[in-house]
Amino acid sequence: MILFDFDGVLIDSLNEVALTAYNAATENLFTSLSEIPGAAVALFKRNRFHVQQIGDAITLMNWCIERPQSDSTRPLSKEEYRTVTSGDTATLNARTNLIYETRKRFIDRDENRWLSLHQPYRPLWNELIKDHDRAYVILTNKNHDATLRLCRHFGLDIDTNDIYSGDRGTTKVENMQQIQNRFGIEYVSFIGDSLKNLKDLDLELNQEKKIISLILAGWGYTGPDDVRIAQESGYRVFNQTDLILLMGSSA
């Protein structure tokens with residue numbers, strides 16, 4: 001069985017996340033990137049790869065809004081990013097809920113505009129929607145409602161129970177344990193664009209016995225050194241063609 005991350009693997013949501021993070025940080029409800037400062041957006045996108053739990057996107061966006069444009073030419077180092085996020089007094093859970101609530105308000109105001117901020121990664125998406133008999137699940141930190149809406153909008157007829165999401169603060173490791181309990185599977189492949197998520201899954205699930213093959217999506221929101229670090233850590237790095245071939249061999 002193959003487990004897919006969602007943002008950065010199946011769907012390019014970078015524009016939506018930037019806009020939602022800005023709205024959450026400023027208590028606005030803009031529906032177009034053209035309405036918010038371009039320098040903040042560019043800086044946020046450059047550092048998006050650092051964000052794991054989506055609540056931290058608010059902290060990053062606040063930093064981007066306050067940052068002088070002349071200092072926006074390079075991404076934050078891991079240490080600098082940790083300093084930024086550690087200074088937020090709001091809890092991660094509160095920030096994550098604020099992102100979800102802000103996204104819901106956006107959808108309620110103009111769902112078509114919200115949907116237009118996303119694009120599937122092709123040709124991978126085309127391959128996924130044409131084979132309805134393939135066994136797979138989505139394992140994501142995104143909230144369930146948004147994930148399901150996007151799947152339906154772009155033609156992926158996935159069962160709602162096959163989306164394991166970040167609602168109520170559930171982590172990927174916790175969801176992976178639920179997937180194992182449900183399917184009784186001994187070995188799966190997971191492809192994600194977050195090196196930290198791969199390392200967390202490896203540390204929590206592969207210590208006694210290797211039960212999950214970890215793959216970095218090279219087309220996603222990866223940092224400048226992530227491909228090298230992934231390979232040094234023993235993880236495979238795929239492009240979309242590689243993944244399509246794996247899907248064919250797993251069918």
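Scored by the ring-ring contact (aromatic ring centres under 6.0 Å, His included) test, H50 finds Y81 as partners (sequence neighbours excluded). By the salt bridge (charged side-chain N to carboxylate O under 4.0 Å, His left out) test, D167 is found to be paired with no residue, residues two or more places apart in sequence or in another chain being considered. Applying the ring-ring contact (aromatic ring centres under 6.0 Å, His included) test to Y221 and every residue at least two apart in sequence or in another chain returns nothing. Contacts of T31 classified as side chain to side chain contact (heavy atoms under 4.5 Å, CB included), with partners at least two apart in sequence or in another chain: E35, F106, R109, R113.
Listed by first then second residue, pairs satisfying salt bridge (Lys or Arg N to Asp or Glu O under 4.0 Å) with a partner in residues 22-34 number zero, not counting sequence neighbours. Among residue pairs with one or both ends in residues 225-241, those qualifying as salt bridge (Lys or Arg N to Asp or Glu O under 4.0 Å) are R228-E232; sequence neighbours excluded.
One distance of note links CG of L205 with NZ of K172; it measures 13.0 Å at 0.5 Å rounding. Expressed to the nearest 0.5 Å, how far CG of N23 lies from CE of M61 amounts to 9.0 Å. Separation of atoms CD (E101) and CG (N143) is listed at 10.5 Å; rounding is to 0.5 Å. Going from atom CG of D56 over to atom OG1 of T96 covers 7.0 Å, rounded to the nearest 0.5 Å. To the nearest 0.5 Å, the span separating OG1 on T171 from OH on Y164 amounts to 14.0 Å. Remark: D162 CG to I179 CD1 distance equals 9.0 Å, nearest 0.5 Å.
A pairwise comparison of heavy atoms in I158 and R152 identifies O-NH1, 2.7 Å as the closest pair. Summarising the geometry of A57 relative to A21, their closest heavy-atom pair is O-CB, 3.8 Å, with the distance given to 0.1 Å. F6 and I138 get closest at one heavy-atom pair: CD1-CD1, 3.9 Å. Between G192 and L198, the closest heavy-atom pair is N-CD2, 4.3 Å. Nearest approach of D193 to G220, heavy atoms of both residues: CB-CA, 3.8 Å. Residue W219 comes nearest to Q240 through the heavy atom pair CZ3-N, 3.4 Å, listed as atom of the first residue, atom of the second, then distance.
The side-chain heavy atoms of L243 and M247, taken from C-beta on, include a pair separated by under 4.5 Å. The shortest distance between side-chain heavy atoms of I65 and F44 does not fall below 4.5 Å. Using a 4.5 Å heavy-atom threshold, the side chains of R149 and W114 count as touching. Taking the side chain as every heavy atom from C-beta outward, F154 and H118 approach each other to under 4.5 Å. Between V188 and I211 the shortest side-chain heavy-atom distance does not fall below 4.5 Å. Within the 4.5 Å cutoff, the side chain of Y22 has no heavy atoms near those of the V41 side chain.
For T20 (side chain) and V17 (main-chain N/O), no donor-acceptor pair under 3.5 Å exists by modelled atom type. Here the side chain of N175 pairs no donor or acceptor atom with the backbone of L139 at under 3.5 angstrom. A donor-acceptor pair is defined here as one N or O able to donate and one able to accept, closer than 3.5 Å; no such pair exists between the side chain of S233 and the backbone of Y235. Side chain of N197 to main chain of Q52: no donor-acceptor pair is present (N/O by atom type, distance under 3.5 Å, no hydrogens or angles). Side-chain atoms of D242 come within 3.5 Å of backbone N or O of N239 as a donor-acceptor pair.
Using a 4.0 Å cut-off between charged side-chain N and carboxylate O, D12 and R122 make no salt bridge. Salt-bridge annotation for R103 and D145: absent, with no side-chain N of the basic residue lying under 4.0 Å from a carboxylate O of the acidic one.
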| Passes side chain to side chain donor-acceptor pair (under 3.5 Å), S13 versus D7? Steps please. | CA-CA 6 Å; S13 62; D7 290 344; 3.1 Å; yes
| task | Apply side-chain contact (heavy atoms from CB on, under 4.5 Å) to the pair E80 and W63, showing each step before the final yes or no. | result | CA-CA 11 Å; E80 289 170 333; W63 180 87; over 6 Å; no
| task | Given side-chain contact (heavy atoms from CB on, under 4.5 Å), test Y100 with K104 step by step and report yes or no. | result | CA-CA 6 Å; Y100 293 165; K104 183 180 185 305; over 6 Å; no
| query | Which is it for L214 and N206 under the side-chain contact (heavy atoms from CB on, under 4.5 Å) test, yes or no, and what are the steps along the way? | reply | CA-CA 10 Å; L214 299 162; N206 277 344; 4.1 Å; yes
| task | Run the numbers on K142 and I11 for side-chain contact (heavy atoms from CB on, under 4.5 Å), then give the verdict. | result | CA-CA 11 Å; K142 201 179 193 72; I11 294 287; over 6 Å; no
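Two different hydrophobic clusters hold I99 and L92 under the rule that ILVMFWY side chains link at heavy-atom gaps under 4.5 Å.
Around the NZ atom of K45, the shell of radius 6.0 Å holds more than 12 heavy atoms that belong to other residues, nucleotides or ligands. Residue R168 qualifies as open at atom CZ: its count of foreign heavy atoms under 6.0 Å is 12 or below.
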